[in-house]
Each structure stands twice: as C-alpha cells, then as structure tokens.
Enquirer: 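First the structure, then my questions, so here it is.
Sequence positions, counted from 1, serve as the residue numbers for this chain.
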Amino acid sequence: MPAVTIDNPLSLPRVAAPADALPRPVRGVTTAPSGFEGEGFPVRRAFAGIHYRHLDPFIMMDQMGEVDYQPGEPKGTPWHPHRGFETVTYIIDGIFDHQDSNGGGGTITNGDTQWMTAGGGLLHIEAPPEHLVVSGGLFHGLQLWVNLPAKDKMMAPRYQDIRGGSVQLLTSSDGGALLRVIAGELDGHAGPGITHTPITMIHATLAPGAEVTLPWREDFNGLAYVLAGRGTAGAERRPVHLGQTAVFGEGSSLTVRADDRQDSHTPDLEVVLLGGRPIREPMAHYGPFVMNTQRELQQAFEDFQAGRLGTIPAVHGMSEGGLRG
C-alpha cells in the first residue's frame, strides 16, 4: 500500500489533541458488504447500514479492491452522468484514467486524488489504461460521494487533479502514525482539496501498537473506515478491522489505535478518517443523481435523456450500464 510515504515521520509537524479535548465515543461499528461496480470491479460498500444523519454530508463510499488483476482482467466504469454532488476518487495502488464531458480528465496513480464537482451535471468515464488491462496488476482505491448544498447543486462542473506529492503530511506526537491530509484542515494544517461543503479527509497509517488522538471540529461528524489491518476506535477501544466503519458521537477529539500484532500481509493499520459539517437539507437520491426533491430528481433524468448533461466524445459510445454510479 504505497500511497504517499516518508522514511522518518518524526521530521513532520506533530499533531495532538489538547489536554482538555472531549473524547468522541463510538456510536457503533458496521461491516461493509461486498459487491461489484461498473464493468465488474469488486467493491466494499463502506457506509451500508449507517443512517444518513450520521453520514451527512457524505453520501456513500466504496473501497475499490484491493485486487491483483490477471492480464486482461482490469475493469472500470462506462460513461455515466452525475448531478448534484462531488465524487472523490483516491488511488492507493494502481492506475485509473478519467475523462468527462466538461473537458476534465487525466491519469491518477499511487496517492493521487481526482476530485470532480458534478454540480449541474456532466458525463464521465473511469477506466484502467490499456497497458494495465494488457499486463494486469494491483488495484486499490476509494470513491467517496460528498453532497452539495441546494445553493451549489447546479453550479458549473469543476475538476481538481490532486497529486499525491501535494497532500499535507503530519504525524502523531510520538511519530507512530503518518497522517495524509487530502482535504480540509487538521490542527491548522490544510490539505490541497478545495471543498464546497466543509469536510476533512485523512488517510492515516498507524504502526503496530501506535495510537493517535486528533483534535476534531465539534461541528463536524466523525467516521473512521479501515482499509487494512486491525485496531480499535475511541478511547473505549472498540475493535475494528478491514472493511469496518466506526461512527463517532459528539466531542472535540477522535482516537484510533493499531493492534500490537497485524496480519502477515498487512504490516500497519490503514484507516480513512472523515469529518464534515452536516448540510441538514432534504435529499432525493437515485443512481447517479443527488438532489433535494423528487421533482429535481425527475428533472435530472429528463435533462440526461435530452442530452443536456453533455455529450460523449465521438470515439466513445454510451453503454447499457450508463446510469451506474
């Protein structure tokens, strides 16, 4: 799991929660079911079974892989539309190409993030490059959906290409955790992702036995999803492992800890920490559209069918799977 690493975390700025911070308790732990997305790549549905009031402004998150493809096996998604929210695709291992009808696109690889604000609507496609399809190889990443408030749902689409080398690197007080701030802010250190909805997104790697307690905005929710390894969440040390999400309650600090022993194929605890300020607006969600009312949702489908969300470049064609997320 390369993402972005550093040989000596103690050379980085250190983060610790203030002594008087109120620890966030763990409300519950859920286990992600497995499924398939797009043309058939395996995913874990990280937020399945969690009520939206604990997720807001996040809508869903898929862990894509980890899978070691044989030659000819790598898969992506066909052309499909989006409106009303942002998609955040974070690649840990492997390569993904992206193209959209608004002219955005590019190739993202180890530690890179593609941040696409669909706004009023566009079409896009995500797929492994042809050379990876031919050779096969390791693929692992995340796709997170972030809601937009009503006032921004019809904004002009925007694309951010965030290279792994631009993320803000921090560490815990003892150097046992490497913290990659992809978006938002942690203890005054800002990540490169520009967000319309205030959020924080961190990929943390904790060495065996390491614990980190971070300051966490009281007006944000708190979620921890385990990408790999075993550990605990909260000061009460609720056990968590690969594919599980810990939902935190109220407070001003958040704690995760790595077990002293990890599986042989997983040297560290890998966890994604998410927080956001709830939008608290009605949500109408179906397939690739996230709006505020059923009428707006119907309008999105009508606009898509009428070609008002953009056109596919002539070298491509819309497949039958065009309405998948």
Enquirer: Decide yes or no for Leu273 and Leu223: does some side-chain heavy atom of the first lie under 4.5 Å from some side-chain heavy atom of the second?
Expert: no

Enquirer: Is any side-chain heavy atom of Leu297 less than 4.5 Å from a side-chain heavy atom of Met283?
Expert: no

Enquirer: Is there a donor-acceptor contact under 3.5 Å from the side chain of Arg257 to the main chain of Glu211?
Expert: no

Enquirer: Output, in order, the C-alpha distance, side-chain angles, deciding distance and verdict of salt bridge (Lys or Arg N to Asp or Glu O under 4.0 Å) for Arg217 and Asp219.
Expert: CA-CA 5 Å; Arg217 281 180 51 167; Asp219 60 336; 2.7 Å; yes

Enquirer: Verify whether the ring centers belonging to Tyr90 and His203 lie closer than 6.0 Å.
Expert: yes

Enquirer: Are there more than 12 heavy atoms of other residues, nucleotides or ligands under 6.0 Å from atom CZ of Arg295?
Expert: yes

Enquirer: Report yes or no: do Thr205 and Asp268 form a side-chain donor-acceptor pair below 3.5 Å?
Expert: no

Enquirer: Is it the case that more than 12 heavy atoms not belonging to Arg277 sit under 6.0 Å from its CZ atom?
Expert: no

Enquirer: Is it true that Arg280 and Asp56 have a side-chain N and a carboxylate O under 4.0 angstrom from each other?
Expert: no

Enquirer: If you draw a 6.0 Å radius around CD in Glu185, do more than 12 non-hydrogen atoms from other residues or ligands fall strictly inside?
Expert: yes

Enquirer: Within the 3.5 Å criterion, strictly below it, is a donor on Glu218 or Ser252 matched to an acceptor on the partner's side chain?
Expert: no

Enquirer: Classify the ring geometry between Phe139 and Phe96 as parallel (under 30°), tilted (30 to 60°) or perpendicular (over 60°).
Expert: tilted

Enquirer: Contact between Leu242 and Arg44 at the side-chain level, heavy atoms closer than 4.5 Å - yes or no?
Expert: yes

Enquirer: If I take atom CG from residue Asp259 and atom CG from residue Leu206, how far apart are they, to the nearest 0.5 angstrom?
Expert: 11.0 Å

Enquirer: Could you tell me if the ring centre of Phe47 sits under 6.0 Å from that of Tyr52?
Expert: no

Enquirer: Side chains of Gln99 and His124 only: does a donor on one sit below 3.5 Å from an acceptor on the other?
Expert: no

Enquirer: Test Thr87 against every option in Gln114, Met60, Glu126 by the side-chain contact (heavy atoms from CB on, under 4.5 Å) rule and name the one that passes.
Expert: Gln114

Enquirer: Under 4.0 Å between a Lys/Arg side-chain N and an Asp/Glu carboxylate O for Asp303 and Arg308?
Expert: yes

Enquirer: Against Leu148, only a single residue in Met154, His196, Glu281 fulfils side-chain contact (heavy atoms from CB on, under 4.5 Å); can you say which?
Expert: His196

Enquirer: Do the side-chain N and O atoms of Gln63 and Tyr225 include a donor-acceptor pair separated by under 3.5 angstrom?
Expert: yes

Enquirer: Return the CD1 to CG distance between Ile279 and Asn292, rounded to the nearest 0.5 Å.
Expert: 8.5 Å

Enquirer: If we ignore angles and hydrogens, is there a donor and acceptor under 3.5 Å between the side chains of Trp115 and Glu86?
Expert: yes

Enquirer: Will you find, in the side chains of Gln298 and Gln294, an N or O donor that is under 3.5 Å from an N or O acceptor?
Expert: no

Enquirer: What is the distance from atom CG of Asp187 to atom CG of Leu170, rounded to the nearest 0.5 Å?
Expert: 8.0 Å

Enquirer: Is the distance between the ring centroids of His54 and Phe248 under 6.0 Å?
Expert: no

